[in-house]
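Numbering starts at 1 and runs along the sequence shown.
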Amino acid sequence: MLKLTGVTKNYYVGDIIVGALRGIDIEFRKSEFVSILGPSGCGKTTMLNIIGGLDRYTSGDLTVNGVSTREYRDTDWDAYRNRRVGFVFQTYNLILHQTVLANVELAMTLSGVSKAERRKRAAEVLERVGLGDQLEKRPNQLSGGQMQRVAIARALVNNPEILLADEPTGSLDSENSVQIAEILKEIARDRLVILVTHNAELAQQYSTRIVRLMDGRITHDSNPYSADTEAAVRIEKPPKKERKPAMSLATALSLSLNNLMTKKARTFLTSFAGSIGIIGIALILSLSSGMQGYIAGVQRDTMSNYPVLIEQTTMDMSAIIGAAIGARRQRESHDLDKVYSRNVMANMMDSMRQQMSTNDLRAFKQFIEGDESGIAGLANDIKYGYSTPMNVYRADVSDGVFQVHPNSLFGRSASQQGMGAGMSVGMSMRQSGQNSDLWQELLANDELLNLQYDVIAGRMPESFDEIVLFVSRRNEITDFAMFSLGLKDPAELDTMMRDISLGKETGVEQASFDYDEILGLTFKLVPNTDCYQKLGGTWVDRREDAEFMAGVVGGATELKIVGILRPAEGVSVSDTPSGGMAVIGYTAALTEYLIDTVNNSPIVREQRKNPGMDVLTGLPFATPGATSPDLSVLSPEQQAYLALLSPEEREAAMSSYLPVSKATYDENMKILGVTDLESPSSISIYPKDFDSKNSIKAIIDDYNKRMTEDGKAESVIQYTDFIDLMLSSVTTVINAISYILIAFV
């Protein structure tokens, strides 16, 4: 039935091997009462654990009903322990808060036995061990002998083939020990009972077979098992009828609920502590997530206001600020007998000259748009600026031509009220930042725009001739912007100027406009080239001719406000784009349309067709590098006449004989606003966050390094990081204050 063949068990303590069993060969009958005796440490409990599947043998084999266990998996051992073996321990191992009946029932929960069946079988087996009247008591209400009988009942309730008892009488007095031995003897009538004990007298009296161990080997067997005919051992897995032990969900829930309700104080304290832990973790995660989101939002919004700026002509502003503060600390030694100048302006201008450089933005634009740079993936947007002037006029010319952009508001007021009031107010407005550009190009990143601004009326622009108006979080724009855009009558500003000059209060009331009034507002885009008219073979600037300009504005491209935008709630972004005074936003498509219109205008086409002739004056451009006029083009009489004149007279006569334009071809193109889209005047890179900003700067630095190594020092790029500039300025000021404090101390 049960057979151990050459079973060994070794324990490893570092490099030391301890042999607990050293070749055990023994076979047991289907039903007998076997007692295993021997001194402590001889291997009794180890042998019992291997038979019960609680421990694994090192070598040899354990066969059950002719089936080898060498190939057993963990699930096979679980089924073996649950259905074929029952355990009785010296310390009972009862659950103290459960009743006697519940303790016995627990052994059947993994066997899938129904509740009614469990209760019936548990009651029967408790009756068998003499505890039929103690079903509802708890273990701590029983004597030691009674508790051991409960343990025996629990071991028997699944009707195992083998009952293993490890010192079940070790904690009992002689009377209770005899009672337990009697019960085990009775159980051994129909199954195998193996008892490990030190009580040789009890074993001699009740056992049918005594096996003695010494140093991991069997030294005596009083009734060894032998069979004349023995079936060959089959090395195979357990029969398929063996099912993996599994507790039903209902049973598991019932036991869990019973355990919780039995120990209410522990359950409450555990739940309370767990709740605190869960809430704490949730709060920490929420706070962390919120802080990370807030920091990411602040970084994103900050980057949208302070780009990495690369201009065609640039200066190292941090070095200039440092030089300015340093100049204030410097003192030249001289006598105190005269009044000496401190060359602050000269030093500043010299510092500006030294820090000024020119960037090759054509080459850098090609680098950015190439596959190797990686800047596009680090940026929310890359905005290209161009030198082409954008002249915008109010569409209504019934009261005269009014230029909206670049703003001409205070120039008009000065001419209306006199230079004094206009100049003083204009200077004040400029010093307070109110004369900033009201028109700015929108970021091309629609996702970022939609995140930072809410469209409170209308929609976002969809074509080049559509623009939007930005308002503050309180739906406000400055009165300066209203006057500039023509929402308020400029004549009202003239009245304000006059009142100020007379020392009167302005008394201006707050104005308001419906969304529909704003959305219906239109402007006219007038390229520089449209302000010139060809008269008598030359192109004449007609900007001072009000009637001519009224006609030009009337036929110009119309720009219409199609949406009103307001900063979104919770977004740390300035009220207007780029943190300036801008209230009108237009798309990059409008910039490209303007440049294309200028580049293809009649005056520009004529100037390109005649690169040696100034189309604005009809005179030839001076020959580059020429030190004296070419006299060969004059007649012999003119040459003879010039030869008789003094140098001063000759120069004056030459200007009448051979007049040349004082301008150049490039200057004319600049005046007209001609620009190549591949040669921007500035590049603004808007990083996604601070890490992206640092990566972009590292890419630019690497680009500069490669340009230098390739002998292209003229292509090195100098950029301005406004955030670092501000931090550098603050640091410089702090250092300056530190110097002052040190000097004072």
Side-chain angles (χ1 to χ4, degrees), residues 1-13 16-64 69 81 85-93 144 148 151-152 155 160 162-174 176-185 187-188 191-226:
M1 186 265 183
L2 181 68
K3 183 177 181 180
L4 281 74
T5 305
V7 171
T8 64
K9 176 63 180 178
N10 296 327
Y11 294 101
Y12 299 90
V13 183
I16 301 174
I17 300 176
V18 178
L21 298 179
R22 304 177 181 181
I24 299 296
D25 291 300
I26 189 171
E27 189 171 357
F28 299 95
R29 297 173 179 86
K30 186 175 182 179
S31 60
E32 62 177 332
F33 189 179
V34 182
S35 292
I36 300 177
L37 302 178
S40 297
C42 68
K44 302 188 301 297
T45 300
T46 301
M47 180 176 168
L48 199 71
N49 289 341
I50 288 175
I51 293 172
L54 298 177
D55 204 353
R56 305 287 188 271
Y57 46 85
T58 304
S59 63
D61 192 13
L62 169 67
T63 57
V64 182
T69 61
R81 286 190 298 269
V85 181
F87 295 91
V88 180
F89 302 97
Q90 180 180 353
T91 54
Y92 321 135
N93 289 339
Q148 193 61 278
I152 294 172
I162 306 167
L163 182 66
L164 305 177
D166 187 8
E167 297 282 0
T169 62
S171 302
L172 304 178
D173 55 24
S174 58
N176 282 314
S177 296
V178 169
Q179 292 176 359
I180 296 301
E182 289 283 357
I183 293 173
L184 293 177
K185 182 178 180 181
I187 293 170
R191 74 196 69 218
L192 172 62
V193 176
I194 301 177
L195 170 69
V196 169
T197 183
H198 285 93
N199 193 331
E201 182 179 350
L202 197 67
Q204 291 284 354
Q205 184 176 356
Y206 291 97
S207 299
T208 60
R209 180 181 178 185
I210 296 176
V211 176
R212 295 183 181 274
L213 292 182
M214 179 65 70
D215 296 332
R217 293 185 175 89
I218 296 176
T219 59
H220 173 75
D221 188 345
S222 64
N223 186 17
Y225 175 79
S226 61

For the side chain of [X] and the backbone of [Y], is there at least one donor-acceptor N/O pair under 3.5 Å apart?
X: R22; Y: G216; value: no
X: T219; Y: R212; value: yes
X: R29; Y: P224; value: yes
X: Q148; Y: F89; value: yes
X: R209; Y: N223; value: yes
X: R191; Y: L163; value: no

key: Full working for side-chain hydrogen bond (donor to acceptor under 3.5 Å, both in side chains) between S171 and Y92   = CA-CA 10 Å; S171 302; Y92 321 135; 4.8 Å; no

Which atom pair, heavy atoms only, marks the closest approach of [X] to [Y]?
X: L62; Y: I50; answer: CD2-O, 3.5 Å
X: A155; Y: F87; answer: CB-O, 3.3 Å
X: N10; Y: G19; answer: OD1-CA, 3.5 Å

Can you tell me how far the [atom1] atom of [X] sits from the [atom2] atom of [Y], to the nearest 0.5 Å?
X: T197; Y: Y206; atom1: OG1; atom2: OH; result: 12.5 Å
X: R217; Y: D25; atom1: CZ; atom2: CG; result: 11.5 Å
X: I194; Y: L192; atom1: CD1; atom2: CG; result: 4.5 Å
X: D166; Y: L54; atom1: CG; atom2: CG; result: 10.0 Å
X: E167; Y: L172; atom1: CD; atom2: CG; result: 11.0 Å
X: T169; Y: I180; atom1: OG1; atom2: CD1; result: 8.5 Å

Would you check if [X] and [Y] make a side-chain contact, meaning some heavy-atom pair closer than 4.5 Å?
X: K9; Y: D55; answer: yes
X: I51; Y: F28; answer: yes
X: L213; Y: I24; answer: yes
X: F33; Y: I187; answer: no

Could you list the donor-acceptor pairs under 3.5 angstrom formed between side-chain atoms of residues 34-44 and any protein atom two or more places apart in sequence or on another chain?
from, atom 1, to, atom 2, distance (Å)
S35, OG, S207, OG, 2.1
K44, NZ, G38, O, 3.0
K44, NZ, P39, O, 3.2

Test side-chain contact (heavy atoms from CB on, under 4.5 Å), reference P168, set I152, V196, L184, output is L184

* To do: Please check if any side-chain donor atom of T8 sits under 3.5 Å from a side-chain acceptor atom of T58, or the reverse.
  =>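 The criterion, which ignores hydrogens and geometry beyond distance, is not satisfied for T58 and T8.
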
